[in-house]
Amino acid sequence: HKEFKDTRGWGRFAGVLIDGAQGSWRKVCVVTVHGPCKTAATGLAAGSSWNRQRECMDRMRHKVSMQRDPSSQFLKNLFEALVKVKVSHASYEVAFIIGGDFNMHWGAGAPKGEVFGEVRGLAEADGMELVNAVAHRHGSKAGRLWTNQGATSRTAPDMFLVSKSLASAG
């Protein structure tokens with residue numbers, strides 16, 4: 001197997017590429033993500049990952065092309081890492097399983113903003129062929145599936161993206 005992580009050192013994603021059975025032309029890349037979460041907080045909370053990444057992006061803008069905000073930059077850098085995996089293993093069929101806390105919406109209707117303005121932009125980006133796994137499997141019920149439901153709160157994993165080839169296989 002081969003491991004990779006966020007090249008900026010911001011801890012937004014990490015993954016491992018797993019070889020298929022001996023003689024197989026398939027590999028699976030499993031990626032965990034934690035996207036920055038925008039906050040309007042002040043004081044100690046103002047040091048959030050969103051704010052720290054925004055400050056780093058502002059310092060780098062004159063050297064390299066940057067996206068409009070930390071969330072879009074996160075998706076762009078994740079896309080670049082996934083493309084690098086695909087290109088470096090071009091003689092194999094590489095499928096992706098990506099899950100975690102994107103801190104972004106999938107998006108519906110006409111895309112909002114730039115390509116990486118919502119998670120759907122990553123899924124539909126050139127060559128990715130990813131689907132929202134829960135929506136693909138459960139359709140309209142997807143927004144009502146909870147992993148934990150208490151008296152006052154309920155939670156669910158933010159999102160799982162999988163390659164269409166895996167989703168179609170059941």
Side-chain angles (χ1 to χ4, degrees), residues 1-18 26-41 45-136 142-143 156-167:
H1 73 277
K2 181 179 179 185
E3 299 173 2
F4 67 95
K5 60 184 177 179
D6 184 353
T7 57
R8 293 204 188 277
W10 295 347
R12 301 167 296 171
F13 56 87
V16 62
L17 183 66
I18 304 168
R26 294 182 175 155
K27 294 180 183 280
V28 174
C29 185
V30 180
V31 183
T32 182
V33 300
H34 189 263
C37 183
K38 188 172 184 178
T39 178
S48 71
S49 61
W50 176 280
N51 292 333
R52 286 192 313 269
Q53 289 173 28
R54 169 66 99 185
E55 290 170 5
C56 290
M57 288 171 62
D58 288 344
R59 286 193 303 270
M60 294 188 306
R61 280 191 201 284
H62 69 285
K63 297 177 186 174
V64 295
S65 174
M66 301 300 287
Q67 296 293 301
R68 64 183 159 83
D69 61 50
S71 289
S72 297
Q73 190 65 46
F74 156 61
L75 291 180
K76 180 177 185 263
N77 294 147
L78 177 58
F79 171 75
E80 292 166 343
L82 299 177
V83 167
K84 187 175 180 180
V85 167
K86 283 184 89 161
V87 168
S88 63
H89 301 280
S91 60
Y92 293 88
E93 178 187 317
V94 178
F96 294 101
I97 300 171
I98 306 165
D101 197 353
F102 283 87
N103 284 313
M104 296 178 77
H105 295 287
W106 172 256
K112 298 174 178 115
E114 55 198 87
V115 172
F116 299 113
E118 56 194 18
V119 177
R120 183 177 50 161
L122 170 67
E124 296 174 354
D126 187 38
M128 285 295 98
E129 298 184 8
L130 300 169
V131 297
N132 179 332
V134 176
H136 180 81
D158 210 21
M159 204 168 310
F160 291 97
L161 303 179
V162 298
S163 294
K164 287 180 183 177
S165 60
L166 293 176

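Just so you know, these numbers use all the heavy atoms, side chains as well, and skip hydrogens, waters and symmetry mates.
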Worked check of side chain to side chain contact (heavy atoms under 4.5 Å, CB included) between R54 and D69: CA-CA 7 Å; R54 169 66 99 185; D69 61 50; 4.0 Å; yes

For the atom pair [atom1] ([X]) and [atom2] ([Y]), what is the distance rounded to the nearest 0.5 Å?
X: Q73; Y: L78; atom1: CD; atom2: CG; value: 11.5 Å
X: E129; Y: L166; atom1: CD; atom2: CG; value: 11.5 Å
X: T7; Y: F13; atom1: OG1; atom2: CZ; value: 5.5 Å
X: K27; Y: L17; atom1: NZ; atom2: CG; value: 5.5 Å
X: K2; Y: I18; atom1: NZ; atom2: CD1; value: 14.5 Å
X: M159; Y: L122; atom1: CE; atom2: CG; value: 10.0 Å

Side chain to side chain contact (heavy atoms under 4.5 Å, CB included) between W50 and S71, worked out: CA-CA 8 Å; W50 176 280; S71 289; 3.0 Å; yes

Smallest separation among heavy atoms of [X] and [Y], with atom names:
X: D6; Y: R12; value: OD2-NE, 2.7 Å
X: L161; Y: N132; value: CD2-CA, 4.1 Å
X: E3; Y: V16; value: CG-CG2, 4.0 Å
X: Q53; Y: W10; value: CG-CE3, 3.6 Å

F74 side chain near F102 side chain, heavy-atom distance below 4.5 Å: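 F74 reaches F102 side chain to side chain.
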
Validation row: F4, V31 side chains within 4.5 angstrom (heavy atoms):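 Yes, side chains in contact.
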
Side-chain donor/acceptor of S49 to backbone N/O of P36, under 3.5 Å: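 Judged by distance alone, no pair lies under 3.5 Å.
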
F96 backbone acceptor or donor facing S163 side chain under 3.5 Å: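 Yes; judged by distance alone, with no hydrogens or angles, the pair exists.
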
Pairing residues for D58 by the salt bridge (charged side-chain N to carboxylate O under 4.0 Å, His left out) criterion, not counting sequence neighbours: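 With sequence neighbours excluded, D58 shows a salt bridge (charged side-chain N to carboxylate O under 4.0 Å, His left out) to R61, given in chain and number order.
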
Below 3.5 Å, can you tabulate the donor-acceptor pairs from side chains in residues 79-93 to any protein atom, sequence neighbours excluded?
unit_1, atom_1, unit_2, atom_2, d
E80, OE1, N77, ND2, 3.1
E80, OE2, K76, NZ, 2.8
K86, NZ, G127, O, 2.5
S88, OG, K84, O, 2.9
S88, OG, V85, O, 3.2

